[in-house]
Amino acid sequence: MPSHEAGWAHADGALKGPSWLRQPADPNALVPHLWSTTARKVEGVLEVGGVPLPDLAADINTPAYVLDEADFRARARAFRDAFASYDVYYAGKAFICTAVASWIAEEGLSLDVCSAGELTVALRAGFPPERIGYHGNNKTYPELRRAVDEGVGRIIVDSFAEIERLGQITADLQRRIGVMVRVTAGVEAHTHEYIATAHEDQKFGFSITSGDALEAVRRVLAADGLDLLGLHSHIGSQIFDSSGFEVAARRVLALHAQIGEELGAELDGRGLPELDLGGGFGIAYTTQDDPSDPSQLATEITKIVEHECRGLGIDVPRLSIEPGRAIAGPAMCTLYTVGTVKEVALDGGARRTYISVDGGMSDNIRPALYDADFSCTLASRASTAPPVLSRVVGKHCEAGDIVVKDEFLPGDLAPGDLLAVPGTGAYCRSLASNYNHALRPPVVAVRDGGTRVLVRRETEDDMLATDMGATDMGARDMGEVR
């Protein structure tokens, strides 16, 4: 392949990458809106929260999730303040641990959980149960009983079986519980099909179109111990266009009005007091993403709801939202060490540079699962080498183990260098696995030059603790399985 003074990426037959990716003038520079607010480069070395990441790597090794506490808290406050007239529930599925649950409580937000494990974390952190909402499409009898017994503030019901189950529990315990009915608005959100949750053909909610949503409301009203709070709608994740919320609000509020007209007597003549529009607000993973800030979102969503309510002649209900990714996502980056650099010849004389790091799909499954794009930067030094279009991959035994599909990185990247990937606070640690028996990385909070391990790195003893052949070759007691 012909040489070129600016590097092989400029030569005929070179890979160009996706149309949105531009070659940077300086491959050392950060793109600010992809990173947490305290991230900066000092002579090429990446600092977050005043902590140089090479120092952090020397102390705790890599891979590691680095959580910018000040940034996380600031984003939580921004949603709380922008949506001051709303109830703001942090979606714990994005990322939760006891410290993060405490931060959320301290910043005045409520908390959404969707499993017994997430509820356990919240309660262990001392989170006020009356400020917890409990999601899930298959909540078991023991899980629901525990939620009622602990005094969870609201349960979002998702099936007729769950309504019956919950009614039995409140009768047995002689308790009451607030309930919201999750409805399917039939909106095709402009996002990946696996994270679009308001179209008809999927597992969540009661269909408005089929009449199941109205029937679910009837059954909640007929059940002893269930206090109907309102309707819940969630159209998906990583959404930038508010038009999806507009269509959903129109359809859900129409049902809201219908319930007031047809079932108003059972509601003491009132309409439903609450409406939850879910979350799914997008963040910037790469330069192609342009998310809205909380103030803009609040203005747009409030205007939509008020307009629809005027048209239907109903009062504006108490509103709530559930941001998760938009708070946690930009606040975290993942730090890796480069292990190998390999150039691969492709058709047409092109070549691709593969950079292998010491993590991969076990700590970030999103590229493989959702075809998600990420960015990255050299974190340990400055480079004067020209940028080269590269692909960052993990160390797992899968061809799809890709961390960053396309990024311009310095052409002299070598084993031992550190790479940092921004925007990994949402779902990366939550979806992390032990694939290939990898040990899940730690979560380390940084703030004002100090570090604090929130979740320690797994050890081989952790990994083997549930391997009964390793712990007791003679154990055959099935009670140990439970």
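Remark: side-chain polar atoms of R40 are not paired, donor with acceptor, to backbone N or O of T37 under 3.5 angstrom. For the pair S356 (side chain) and V393 (backbone), a donor-acceptor distance under 3.5 Å is absent. The backbone N or O of L439 lies less than 3.5 Å from no partner atom in the side chain of R457, so there is not a single donor-acceptor pair. Side-chain N or O atoms of T170 include one that pairs as donor or acceptor with a backbone N or O of D224 at under 3.5 Å. A donor-acceptor pair under 3.5 Å links the side-chain atoms of E458 to the main chain of R440, judged by distance alone. The closest donor-acceptor contact from the side chain of N436 to the backbone of C397 lies under 3.5 Å. For R251 (side chain) and A185 (main-chain N/O), a donor-acceptor pair under 3.5 Å exists by modelled atom type. Without hydrogens or angle criteria, H234 side chain to G279 main chain gives a donor-acceptor distance under 3.5 Å. Although no hydrogens or angles enter the test, the distance criterion places no donor-acceptor pair under 3.5 Å between the side chain of T377 and the main chain of A379. Here the side chain of R391 pairs a donor or acceptor atom with the backbone of K405 at under 3.5 angstrom.
By the 4.5 Å heavy-atom criterion applied to side chains, S390 and Y354 are not counted as neighbours. Looking at heavy atoms from C-beta onward, V48 lies in side-chain contact with L53 at the 4.5 angstrom threshold. Between V66 and M332, the closest side-chain pair of non-hydrogen atoms is not below 4.5 Å. Put simply, the side chain of L263 reaches to within 4.5 Å of the side chain of R218, judged on heavy atoms. Contact check for Y336 versus L418: no side-chain heavy atoms found under the 4.5 Å cut-off. Side chains of L409 and V392 form a contact here, defined as non-hydrogen atoms less than 4.5 Å apart. Counting heavy atoms from C-beta on, the side chains of D227 and I177 never come closer than 4.5 Å. Under the 4.5 Å side-chain criterion, counting only non-hydrogen atoms from C-beta, I259 is in contact with L231.
Applying the 6.0 Å contact sphere to NE2 of H33 captures more than 12 heavy atoms from other residues, nucleotides or ligands. The 12-atom threshold is not exceeded at CG of D315, counting heavy atoms of other residues, nucleotides or ligands nearer than 6.0 Å. In this structure, R176 places its CZ atom where more than 12 heavy-atom neighbours from other residues, nucleotides or ligands lie under 6.0 Å away.
Side chains of H135 and E118: no donor on one and acceptor on the other come within 3.5 Å. Using a 3.5 Å distance cut-off with no hydrogens or angles, the side chains of D212 and S207 do not pair a donor with an acceptor. A donor-acceptor pair shorter than 3.5 Å can be found between the side chains of T302 and Y86. Between the side chains of S36 and D71, no donor-acceptor pair of N or O atoms lies under 3.5 Å.
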Exercise. What's the verdict on ring-ring contact (aromatic ring centres under 6.0 Å, His included) for F160 and F206, showing C-alpha distance, side-chain angles and the deciding distance?
Worked result: CA-CA 9 Å; F160 294 124; F206 296 94; 5.0 Å; yes
For this session: Show your reasoning for whether side chain to side chain contact (heavy atoms under 4.5 Å, CB included) applies to L46 and L30.
Result: CA-CA 9 Å; L46 179 62; L30 295 181; 3.8 Å; yes
Exercise. Hey, mind stepping through K41 and E47 against salt bridge (Lys or Arg N to Asp or Glu O under 4.0 Å) and telling me if it holds?
Worked result: CA-CA 6 Å; K41 287 278 189 82; E47 293 186 0; over 6 Å; no
Problem set entry | Evaluation steps, salt bridge (Lys or Arg N to Asp or Glu O under 4.0 Å), between D158 and K139 | CA-CA 9 Å; D158 201 88; K139 298 186 281 292; over 6 Å; no
For this session: Could you give me the CA-CA distance, side-chain angles and deciding distance for Y89 and L109, then say whether side chain to side chain contact (heavy atoms under 4.5 Å, CB included) is met?
Result: CA-CA 6 Å; Y89 285 76; L109 277 65; over 6 Å; no
For this session: Decide yes or no on side chain to side chain contact (heavy atoms under 4.5 Å, CB included) for V148 and L166, but give the supporting numbers first.
Result: CA-CA 9 Å; V148 174; L166 196 53; 3.8 Å; yes
Problem set entry | Criterion side chain to side chain contact (heavy atoms under 4.5 Å, CB included) on V113 and I132, from CA distance to verdict | CA-CA 7 Å; V113 302; I132 296 176; 3.9 Å; yes
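A salt bridge is absent between R146 and E143: the closest approach of a Lys/Arg side-chain nitrogen to an acidic carboxylate oxygen does not fall below 4.0 angstrom. A salt bridge is absent between K395 and D401; no separation between the charged side-chain nitrogens and carboxylate oxygens falls under 4.0 Å. Under the 4.0 Å criterion applied to side-chain N and carboxylate O atoms, R250 and E308 are assigned as salt-bridge partners. The pair D149-R175 meets the salt-bridge criterion, with a side-chain N (NZ, NE, NH1 or NH2) lying under 4.0 Å from an Asp/Glu carboxylate O. Using a 4.0 Å cut-off between charged nitrogen and carboxylate oxygen, R456 and D462 count as a salt-bridge pair. Looking at E106 and R73, a side-chain N of the basic residue comes within less than 4.0 Å of a carboxylate O on the acidic one, giving a salt bridge. Taking a cutoff of 4.0 Å between a charged side-chain nitrogen and a carboxylate oxygen, R219 and E164 do not qualify as a salt bridge. Using a 4.0 Å cut-off between charged nitrogen and carboxylate oxygen, R318 and D87 count as a salt-bridge pair.
The minimum heavy-atom distance between V403 and G360, with the atom names listed, is CG2-CA, 3.8 Å. The shortest heavy-atom contact between S430 and K93 is OG-O, 3.0 Å. Among all heavy-atom pairs drawn from I156 and E162, the shortest one is O-OE2, 3.7 Å. Smallest separation of non-hydrogen atoms from A438 and N434: O-ND2, 2.7 Å. Nearest heavy atoms, A213 versus V181: O-CG1, 4.5 Å. In terms of heavy atoms, A57 sits closest to L335 at CB-CD2, 3.9 Å.
Atom CG of L226 is separated from atom CD1 of I155 by 8.5 Å, given to the nearest 0.5 angstrom. From N364, atom CG reaches atom CD1 of I402 across 11.5 Å, with rounding to the nearest 0.5 Å. Interatomic distance, R366 CZ to L431 CG, rounded to the nearest 0.5 Å: 8.5 Å. Within the model, atoms CG of L277 and CD of E246 stand 12.0 Å from one another, a figure rounded to the nearest 0.5 Å. In this structure, CD in E322 is found 11.0 Å from CD1 in I327, a value given to the nearest 0.5 Å. Residue L319 holds its CG atom at 6.5 Å from OG of S85, rounded to the nearest 0.5 Å.
Applying the side-chain contact (heavy atoms from CB on, under 4.5 Å) test to S375 and every residue at least two apart in sequence or in another chain returns L34, E407, P422.
For the pair R429 and Y427, the NZ or CZ position fails the cation-pi test of under 6.0 Å to the six-membered ring centre and within 45 degrees of the ring normal. Judged by the 6.0 Å distance and 45° axis criteria, R182 is positioned over the aromatic ring of F204.
Among pairs with a residue in residues 273-298, those fulfilling ring pair (Phe, Tyr, Trp, His ring centres under 6.0 Å) read F79-F281, F245-F281, Y285-F374, at least two apart in sequence or across chains.
Taking the centre of each ring, Y90 and F72 come in below the 6.0 Å mark.
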